[in-house]
*Asks:* 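Below is one structure. I have some questions about it.
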Protein chains: 2
Amino acid sequence: MQKATADKSDPIAAQLAPVGRETVQDRVYLELRRALIGGLFEPSQVLTIRGLADALMTSTMPVREALGRLITEKALEALPNRSVRVPPITLERMDDLLRARILIEGEAIALAATRMTPRQITTIESMLGEWDEMRALKHKKDVDREVTLNQAFHFEIYRACGSAVLIPMIESLWLQSGPCIRVAIYAFSDAGEVDTAHYHRTIVKAIAAQDAKGARDALVADISRPFTFLRSKLEAEAKKGQSA
Amino acid sequence: MQKATADKSDPIAAQLAPVGRETVQDRVYLELRRALIGGLFEPSQVLTIRGLADALMTSTMPVREALGRLITEKALEALPNRSVRVPPITLERMDDLLRARILIEGEAIALAATRMTPRQITTIESMLGEWDEMRALKHKKDVDREVTLNQAFHFEIYRACGSAVLIPMIESLWLQSGPCIRVAIYAFSDAGEVDTAHYHRTIVKAIAAQDAKGARDALVADISRPFTFLRSKLEAEAKKGQSA
DNA sequence: TCAATGCAAGTGTGATCACAAATCAAATAA
DNA sequence: TTATTTGATTTGTGATCACACTTGCATTGA
């Protein structure tokens, strides 16, 4: 049916090419991805191809392909109008996302706990210090930095799980829960203390002891927090406004 | 039940639009998807945009967008040359895929086991009969029908798990393991008996009894089979040809 | 005043073109 | 004969255009 070009050597050593010319399409995709994980778009916000193309200083071509990719990983949602929007937050969706994250990220960290090298453990330990730095000058709450640091910490661990299948799934889950998390973090900051460092410390301790179960439990506690918080917030709002 | 009642409020009731004009892009995407799950492309096969566009009687436009989507869900692989191919089969990747499938599909069927309605259980029971039909005229082995029936059976169950997050992930996993499965089924047919019906019967029995753990175990046995079989086959081949 | 109609701007989709990079083949030189 | 180079073809990428559909607003009618 196809051309097939039966290559002579099977593993062409694909993973991460030595020469990686970046295409505009990839730049746009990564840009949108970063914005979504960081929660820069708000839930239910509608995105237009031409609008994004103008904002990103390119033509519509790379944008539509990037949007299509984000739609397939459920980071965006295609409406029947053919317009595209950030998925709205609902209670069911939040519970659904949290359950999936506990399942998959829990497995990933359990694998990583038995595989991380001393060098990798040192790396995540050093990340704990950054939380203290940030707490020191907490008078201005830098939500962007919190999000970035939290992401770097978790994915440093997940990368060590050694599964090329699980990691993209986790990325997709973060993409989907990005908007929720942002809302939750803002709510957190209003509510009081941001105790992420404590949870991360518990995670690091378990990993250093090669305690897979302990690491999984600590992770569950860490990622459940913003969800349960946001959940109670949403429920309160739902009780007030029954108009919709 | 559907009807959508186009309200301006937040939940626009997106899921499954009442009017679903099918775009060419979606047609191409579904076509390629079906071909991949069915294993119609062989591992390491290179696909070209213009080639597929000709084969599918359309321009390059919908094809490149469909390919981009399939690449993001790891159903296809982007080479540094910017060409696209079906990911090759390796032992590590197979183990990785199987572990992820056991984890996620196991969770999905455990959820489904407690949620399936009698009507849905009747549906999957009736599917068992089709295996007997097929066995009756087994002189010609209809691999396509086996693949289709197997897929229909599993996803009828997964749909009942009620998770809009897990199901797309399972689809992605099937997309990724499609080429492997096809190879395994062919090997199976050569080796002797195709005993899928037996495994499916065990699954149905557990679900009918609302036995979540039993259903999970039965599923693990079902989906592990082709992988372990293919694994031994690959190991034997690897022992012979160390040339590559 | 209010609802219906019609026009205009906006938007997604598919096709086509231009260009650069990669691939393949033949021809040339050692 | 073998290795290298050169030229033609193929291929992916980005831009632009044409068309259909939707949306929003102003006009028109009762």
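Lettering follows sequence order; numbering is per chain, from 1. Quantities reported herein were computed from a predicted structural model and do not represent experimental measurements. These values consider heavy atoms only, across backbone and side chains, with no hydrogens, waters or symmetry-generated copies.
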*Asks:* Check the distance between dT11(D)'s C1' and Arg85(B)'s CZ and give it to me in whole angstrom.
*Replies:*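 Going from Arg85(B) (CZ) to dT11(D) (C1'), I get 17 Å.
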*Asks:* Does Asn81(A) place a side-chain N or O at less than 4.0 Å from the phosphate oxygens OP1/OP2 of dT23(D)?
*Replies:* yes
*Asks:* Heavy atoms from C-beta onward define the side chain here; which of dT23(C), dA15(D), dT13(D) lies closest to that of Ile49(B)?
*Replies:* dT13(D)
*Asks:* What's the CD-C1' distance between Glu77(A) and dG12(C), to the nearest Å?
*Replies:* 17 Å
*Asks:* So, taking the atom named CD1 in Ile223(A) and the one named CG in Leu98(A), what distance separates them when rounded to the nearest 0.5 Å?
*Replies:*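 It is 6.0 Å, given to the nearest 0.5 Å.
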*Asks:* Which comes earlier along DNA chain C counting from the 5' end, the contact point of Val84(A) or that of Met61(A), where each point is its nearest nucleotide?
*Replies:* Val84(A)
*Asks:* Restricting to side-chain contact (heavy atoms from CB on, under 4.5 Å), what partner residues turn up for Pro62(B), sequence neighbours left out?
*Replies:*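 Per chain and number, Pro62(B) pairs via side-chain contact (heavy atoms from CB on, under 4.5 Å) with Val24(B), Gln25(B), Val28(B), Thr58(B), Ser59(B).
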*Asks:* Across the strands shown, which category fits Thr60(B) at heavy-atom distances under 4.0 angstrom: base, sugar-phosphate, nothing?
*Replies:* base
*Asks:* Looking at dG12(C), I'd like to know if its phosphate oxygens (OP1 or OP2) sit under 4.0 Å from a side-chain N or O belonging to Thr23(B).
*Replies:*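 Checking Thr23(B) against dG12(C): no side-chain N or O falls below 4.0 Å of OP1 or OP2.
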*Asks:* Figure out the CG/P separation between Leu67(A) and dT13(C), and round it to whole Å.
*Replies:*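 Those two atoms, CG and P, are 9 Å apart.
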*Asks:* Over how many whole Å does the gap from Leu52(B) atom CG to dT11(D) atom P extend?
*Replies:*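 So the CG-P distance, Leu52(B) to dT11(D), works out to 11 Å.
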*Asks:* Choose from dT13(D), dT13(C), dT23(C) the nucleotide whose nearest atom is closest to any side-chain atom of Arg82(A).
*Replies:* dT13(C)
*Asks:* Write down the distance between CD (Glu65(B)) and C1' (dT13(C)), rounded to a whole number of angstrom.
*Replies:* 8 Å
*Asks:* Given atom CG of Asp26(B) and atom C1' of dG12(C), what is their separation to the nearest angstrom?
*Replies:*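 Result: 12 Å.
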*Asks:* Please report the distance, rounded to the nearest Å, between CD in Glu22(A) and C1' in dT13(D).
*Replies:*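 The distance from CD of Glu22(A) to C1' of dT13(D) comes to 14 Å, rounded to the nearest Å.
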*Asks:* Measure the OG-CD1 distance between Ser224(B) and Ile102(B) for me, rounded to the nearest 0.5 Å.
*Replies:* 4.0 Å
*Asks:* On the nucleotide dA15(D), are OP1 or OP2 found under 4.0 Å from the side-chain N or O atoms that Thr58(A) carries?
*Replies:*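 So the side chain of Thr58(A) is within the cut-off, an N or O lying under 4.0 Å from OP1 or OP2 of dA15(D).
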*Asks:* Does a salt bridge link Glu73(A) with Arg33(A), judged by any charged N lying under 4.0 Å from a carboxylate O?
*Replies:* yes
*Asks:* If you go through the side-chain atoms of Arg64(A), does one of them form a donor-acceptor pair with the base of dG14(C) closer than 3.5 Å?
*Replies:*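 Donor-acceptor pair under 3.5 Å: yes.
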*Asks:* Would you list the pairs meeting side chain to side chain donor-acceptor pair (under 3.5 Å) in which at least one residue belongs to residues 95-108 of chain A, sequence neighbours left out?
*Replies:* Asp95(A)-Arg231(A), Asp96(A)-Arg99(A), Asp96(A)-Ser163(B), Arg101(A)-Glu105(A), Arg101(A)-Ser177(A), Glu105(A)-Tyr158(A), Glu105(A)-Trp174(A), Glu107(A)-Arg216(A)
*Asks:* Within this structure, what is the CZ-to-C1' distance between Arg50(B) and dT23(C), rounded to whole angstrom?
*Replies:* 14 Å
